[in-house]
Number of protein chains: 4
Amino acid sequence: MSPKTPDQFQEIREKSREHLLVVSMRLFALNGYQATSISQIAKEAGVAKGALYHYFDSKETLLEEVIKLGLTNIQELFNDEELKSGDAKEQLRKLMQKTFKSMETDKEFWSLYASLITQMRGSEKLKEIFRPLVISTFDMLTNLLESNGVPDARMRALSIGGMIDGVALHYMYVMEEYPFEEVTNYIIDKMLFP
Amino acid sequence: MSPKTPDQFQEIREKSREHLLVVSMRLFALNGYQATSISQIAKEAGVAKGALYHYFDSKETLLEEVIKLGLTNIQELFNDEELKSGDAKEQLRKLMQKTFKSMETDKEFWSLYASLITQMRGSEKLKEIFRPLVISTFDMLTNLLESNGVPDARMRALSIGGMIDGVALHYMYVMEEYPFEEVTNYIIDKMLFP
Amino acid sequence: MSPKTPDQFQEIREKSREHLLVVSMRLFALNGYQATSISQIAKEAGVAKGALYHYFDSKETLLEEVIKLGLTNIQELFNDEELKSGDAKEQLRKLMQKTFKSMETDKEFWSLYASLITQMRGSEKLKEIFRPLVISTFDMLTNLLESNGVPDARMRALSIGGMIDGVALHYMYVMEEYPFEEVTNYIIDKMLFP
Amino acid sequence: MSPKTPDQFQEIREKSREHLLVVSMRLFALNGYQATSISQIAKEAGVAKGALYHYFDSKETLLEEVIKLGLTNIQELFNDEELKSGDAKEQLRKLMQKTFKSMETDKEFWSLYASLITQMRGSEKLKEIFRPLVISTFDMLTNLLESNGVPDARMRALSIGGMIDGVALHYMYVMEEYPFEEVTNYIIDKMLFP
DNA sequence: TATGAATGAGTCTTCATTCAT
DNA sequence: AATGAATGAAGACTCATTCAT
């Protein structure tokens, strides 16, 4: 009831916005973007439908913001200095472990990400968002290997990149349990650096 | 003046049906099942909306038939005796080559397959169709390796399976050109059988 | 295979036509006019959809012909000389008995008749068909009573007419078993001619 | 600038809902439930199609609510203590008078009721609603007669019940004018209690 | 800023009707 | 006369979006 300062308003706005994003991501991931309705999001978030349009111009914008938030979270995760220590082998192992761990903890985001990627061919916007992401990951991988003197860096990067995303796909959609730890170690120790 | 013979009708039906299936597969693959409307398919196929319902009971049935057609095509491809000759290494190389070749020729189906897999969570029917498929592929791979005395068959199968699907994903959605041949040889010769 | 004479053609045509009418009446009565589709009738009758349009201009025409056929059947039933013998009391008893018997044997037609009557308000065509029918029945009843010296003939006709149709309604839609015999006798002996 | 209060929304809802119910009842009664389209109702009510779905889950639900409203109105009418005073003869007379009066004032509902009853065969839901209603009316009639020492209570109830519904049918669908008063008195004074 | 009633284009689906053969 | 493939208007229903308050 007390009059609110602009800052407080700002803060409330931020909170609501983020809450809507979190709810949206969950629903998008769970049921798919198309199958999730604005009403459903509003109800789940405990606000009126109209409120959503104060924060986001359209359902599509909302999706973009959800993706942006997800990517930010993920990037933070990988901005860990710890990841950059050790030799190529160790860095790679940590990278894969971190990736797979994130698949378990952020399964929602990753499965949204996967389902969106498979619809990229029909949408320029999605292409703009995801293609650079995947490509820069390849570059990062290639660099990591190259700068550690690993031969055939590009080929290996392609293989590893494929393997990581394929394993992710299998984990998310086919197998409930996946021996991440063993597969990681197997790939690193037996296939990449035998 | 004379009525059409049953054979004539049969022929007309077959042609229309197949045409509709081909168009549907393309659109489903491009935009996703949900985002593709019956009207769109009809327009693209150059028929009236109603015509679709002469051939398929519902949009869902249509999808199932599209999948069936795709799977049949793929299975024919892999029913080649040639694939089963040679040692594990050779068999695996041929298998991967064939798979990647099929990705180029049946890109439409494979990208539909991918987009459906990522939407499986919401549909029991899709699960019933695809899960066994992936699992039996893993088993086949494991057997192939095991029966050729390759150690760690299961682990390798998981890694290779993941790699194949991941590479497919990258090819279909990220890179227009993919060095399939090199990657295949690299994986076989340097990673699996160094 | 033998060439057919015009008469034979005519006969075949008649047969097909009548068959279609019978099938249509059954389905209309069973599921309602609106809920019965032309395809359904064609399938049930064992002919192609197109054939129906050789015999009837439209679904509405078909309905009219069905009604016409039903009315003809009913009228034949009541054209029995036997019905016109005896005094008013006996004639009335026979009339009611015959009517109720027909409700049991031609239940299909009667329930179609009832369901159509209740949609008369919205359809001029139905009004044209049914209103004269009901009114002439009233007249017939009134005459029967009047010419036998029964007092208050019009009032009684209205009451009896209502009673008959009401009882029919209850029999057809509410009670599976109806004590037609007793009710008939009761009405005649206790209420009309006490 | 200030948002609408819950009370304001409540009021808007109530008004719209009732308006839609009234319009729906009229159209359902006039053309039958099946033959009345949602678009038609919306147009007649002066709202967009979608609006109907704010208030009713489906066309079927709408019908149920229409029936509920009609039954409530009717029941209120018959919950009059005045109806239960006097001897059987008087009670019956008042009952019939009230019924016929209601046929004139609530013609819309009664003709919907009639048209629905004749379509009951296809719908379990309608059966559940109407059968008990008719049967309980018979029981009420029987009781009324029995408790007043009228002989042959059941038979009379069946006859009177039939007569009332038949007369209603004739009034609604055949004759624009019906001598209710005279018929009522005639039935009571000459046929039932001569 | 927040509400939720209202809109209307769009969804899947049905079906009376037409028509080439 | 007969066939059944094809049409397309119409049906019930959904939902992103707008807007008065």
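Numbers restart at 1 for each chain; the letters A, B, ... are given by sequence-line order, proteins then strands.
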Nucleotide [N], atom [atom2] - distance to [atom1] of [X] in whole Å:
{"X": "C:Lys43", "N": "F:dG4", "atom1": "NZ", "atom2": "P", "result": "12 Å"}
{"X": "B:Asp57", "N": "E:dC15", "atom1": "CG", "atom2": "P", "result": "13 Å"}
{"X": "A:Ile41", "N": "F:dT17", "atom1": "CD1", "atom2": "C1'", "result": "14 Å"}

Next on the checklist: Less than 6.0 angstrom separating the ring centers of D:Phe130 and C:Tyr173, yes or no?
Outcome noted: no
Next on the checklist: Can you build the contact string for nucleotides 5-12 of chain E? Use B for base contact, S for sugar-phosphate-only contact, and - for no protein heavy atom under 4.0 Å.
Outcome noted: SBBB-BSS
Checklist entry - Ion pair present between D:Lys15 and D:Glu11, side-chain N to carboxylate O less than 4.0 angstrom? => result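 The answer is yes: the pair qualifies as a salt bridge.
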Next on the checklist: Quick test of your reading of the model: are B:Glu128 and B:Lys125 salt-bridged, counting only N-O distances below 4.0 Å?
Outcome noted: no
Item to check | Full working for salt bridge (Lys or Arg N to Asp or Glu O under 4.0 Å) between B:Glu14 and B:Arg17 | outcome: CA-CA 5 Å; B:Glu14 220 110 293; B:Arg17 207 185 116 93; over 6 Å; no
Checklist entry - Can you list the stems that include DNA chain F, where a stem is three or more consecutive Watson-Crick or G-U pairs with distances under 3.5 Å? => result E:2-21 with F:2-21
Next on the checklist: Quick check on side chain to side chain contact (heavy atoms under 4.5 Å, CB included): which of D:Ile67, D:Thr36, D:Ile41, D:Asp57 does D:Leu62 satisfy it with?
Outcome noted: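 That would be D:Ile41; it is the only one of D:Ile67, D:Thr36, D:Ile41, D:Asp57 passing the side chain to side chain contact (heavy atoms under 4.5 Å, CB included) with D:Leu62.
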Checklist entry - Are side-chain heavy atoms of B:Arg26 and B:Val23 found at a separation under 4.5 Å? => result yes
Item to check | B:Leu21 and B:Phe56, any side-chain heavy atoms less than 4.5 Å apart | outcome: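 They are in contact (side-chain heavy atoms under 4.5 Å apart), so the answer is yes.
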Checklist entry - Regarding D:Lys59 and the six-membered ring of D:Tyr33, is the cationic atom NZ or CZ under 6.0 Å from the ring centre and inside 45° of its axis? => result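 Flagged: D:Lys59 positioned over aromatic ring of D:Tyr33.
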